[in-house]
Amino acid sequence: MRGFWRGPLGVLGALIAASALLWAIAGPVALALPALVFALLWLRHLSGLRRLLGWLEAPADRPLPYGSGLWEDAYAGLARLLRQQRQSEAGLRGALERFQNATSAMNEAVIILDELDRIEWCNPSAEHYFEIDAHRDVGRQLTYIVRQPQFLEYLLAQNFSEPFVLRGARGGETTLSIQLVPYGNRQKLVISRDITRLERLEETRRDLVANVSHELRTPITVIAGFLETLNEPGGADPDLQRRALELMTRQAARMQSLVEDLLTLSRLENARGPASERPVDVPSMVRSLLADAQALSGNRHEIAIARCDGPWVLGSEDELRSAFTNLVSNAVRYTPPGGRVDIVWRVTPEGGAAFAVQDTGIGIEPEHIPRLTERFYRVDRSRSRETGGTGLGLAIVKYALSHHQARLEVESAPGHGSTFSAVFPPRRVCAPVSGESPAPAPATA
Ligand code: ADP
C-alpha cells in the first residue's frame, strides 16, 4: 500500500504538465487530452471491475482473472486470501474427519443438534442406540426420535446439569443416559451411554440389602423377644428358659448360615477369571458327599451313588464341594421322608463330565426354573426356612459352576421330583494325579 499514490499521482502530474504545455500552444482545445486519458482510464477500470464481478459469481470454479497495474496488486491480495482460506478449510476438514473418526469408534452415542434441536450429524453408536438412520434422519428433530414427553420437558427446561435417563429404549430392553452439552450458537452436543447393566447392578444391590435385612429381621426379633422375657424381674420358669435357649440357638444358627452363604457368594463374585486349575479328585468327593447327605437326612431317605465313573477335573476343590453340597442338600431337603436321592458322576458324550442329583421330591413348576439361581428366590418360602435354607444355595452353585465354565441343567416335574446336573466341558477334565483310576463302585445308603 505504501507506493499506492506514487504511480497515479505521477500520471496526473505528467498529464497536467502536458495539458498546460498544449494550452500554451493550442489554446482550450488542449483540454481534449486529459478528457481522453480519463475516459481511457475509466474504461480500463470498468473492464477490470467487470472481470472481478464475473469471477465473484463463481469463485470456486474459475481461475482468478489477470490484471495489470493496481488491478494486479488487488488480484495478488485476493490470491493470497484465497490460499489462506483453502489452507484453513483443509485444516478444518482434517479436524472434522479426525473428530468423526474418533467419535465413530466410541461406544457412546454422539449427536450434534442445531439451534432448533434438529439432528445435524450422529455417529454409528447413535444410529444403534436410537435406531436412527444417519442419512434419513438428518434434519429431523430429536424429539421425533425420542418421543417420551418427559424428554421434551427436559429439553424445554434447558437445565442439563443432570443427564436424562431414558428407560425402554431399543424395543424396551435398554436404559440410556442422555447428557446434553450446549455449545456455539445454541447448538447442542448429545452424548448418550447404555446404562442397562449399571441399572441392573444398582437394582441387584438394592434388592440384596433389602433381602438381607428382611432375612435377618425374624431371627433378631425372636432373639430380642426371648432376651427381654428372660430379663424380666423374676425371670421365666425353667421350662420356658430351656425352650427359649433352644429357639435362640436355632435362630442364631440361621443367621450364621446366612452370613456364611453371603460370604461364600461374595468370595465367588470377587474371584475374577476362571477357577484355579488344580486336579480335583471328584470321585472321592462324591463318596464323602454321600456321608454328608445321610447325616442331613437322618435315615429318612434312601440315598445312593448310582454311578461314579467320572474323571478328575481341573478346578477349585472348595468351590466344587460347595456347589455339589448345595445340590445334594437341596435334594434331601425338598424330598419328603421315604423318598429317594441318587447321585451320579459320569462322563458326558461330548467328553466332559456331569454331576447329577436326582430326587423323588416335591418338584418345581416350570415357570420357577429360570429364576432358581437368583439370590433369595424360593419356590416354597416356608419349606426353605423350615429346613434351614438361606435362599442362596443355587446362586452359589451358579457362580461356582460358571468359574469352571460349567452349566447347571434342571429337569423337574411338580410331585415327581427333580434332577439338577452340573455339566463340565471337556477341557476341565483331567487324568487322576495319583495314577489311580476313578473308583466306579456304586454305594447305597
Ligand atoms: P434354599 O436355601 O431356599 O434351598 P436355593 O437357592 O438352594 O435356596 O434354592 C432355591 C429354591 O429352589 C428353593 O427355595 C426351592 O424352592 C427350589 N429348589 C431347589 N432345589 C430343589 C429340589 N431339589 N427340589 C425342589 N425344589 C428345589
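Fair warning: this is a prediction, and the values are worked out from it, not measured in the lab. In each ligand, atom 1 is the first atom listed, and ligand 1 is the first ligand listed.
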| message | Return the NE2 to OG distance between H403 and S316, rounded to the nearest 0.5 Å. | response | 9.0 Å
| request: State which residues pass side chain to side chain donor-acceptor pair (under 3.5 Å) with R267; sequence neighbours excluded, sorted by chain then number. | output: none
Distance-only donor-acceptor pairs under 3.5 Å for side chains of residues 88-97, two or more places apart:
from	atom 1	to	atom 2	distance (Å)
S88	OG	Q85	O	3.2

May I have a table of the N/O to N/O pairs between ligand 1 and the protein that fall below 3.5 Å, each row giving the two atom names and the distance to 0.1 Å?
from	atom 1	to	atom 2	distance (Å)
ligand 1	2 (O)	T390	N	2.9
ligand 1	2 (O)	G391	N	2.7
ligand 1	3 (O)	Y334	OH	3.2
ligand 1	3 (O)	S384	OG	2.5
ligand 1	4 (O)	N330	OD1	3.4
ligand 1	4 (O)	R333	NH1	3.4
ligand 1	4 (O)	R333	NH2	2.9
ligand 1	4 (O)	Y334	OH	2.7
ligand 1	6 (O)	G393	N	3.3
ligand 1	6 (O)	L394	N	2.8
ligand 1	7 (O)	N330	OD1	3.3
ligand 1	7 (O)	N330	ND2	2.8
ligand 1	7 (O)	L394	N	3.4
ligand 1	14 (O)	Y334	OH	3.2
ligand 1	16 (O)	V379	N	3.0
ligand 1	20 (N)	N330	ND2	3.4
ligand 1	23 (N)	D359	OD2	2.9

| said: Rounded at 0.5 Å granularity, tell me how far CG in L314 sits from CZ in R428. | reply: 6.5 Å
| Within a strict 4.5 Å, meaning less than it, do heavy atoms of the F424 and L401 side chains meet? | yes
| What ring-ring contact (aromatic ring centres under 6.0 Å, His included) pairs are there with at least one residue in residues 134-189, not counting sequence neighbours? | F151-F164, Y154-F160, Y154-F164
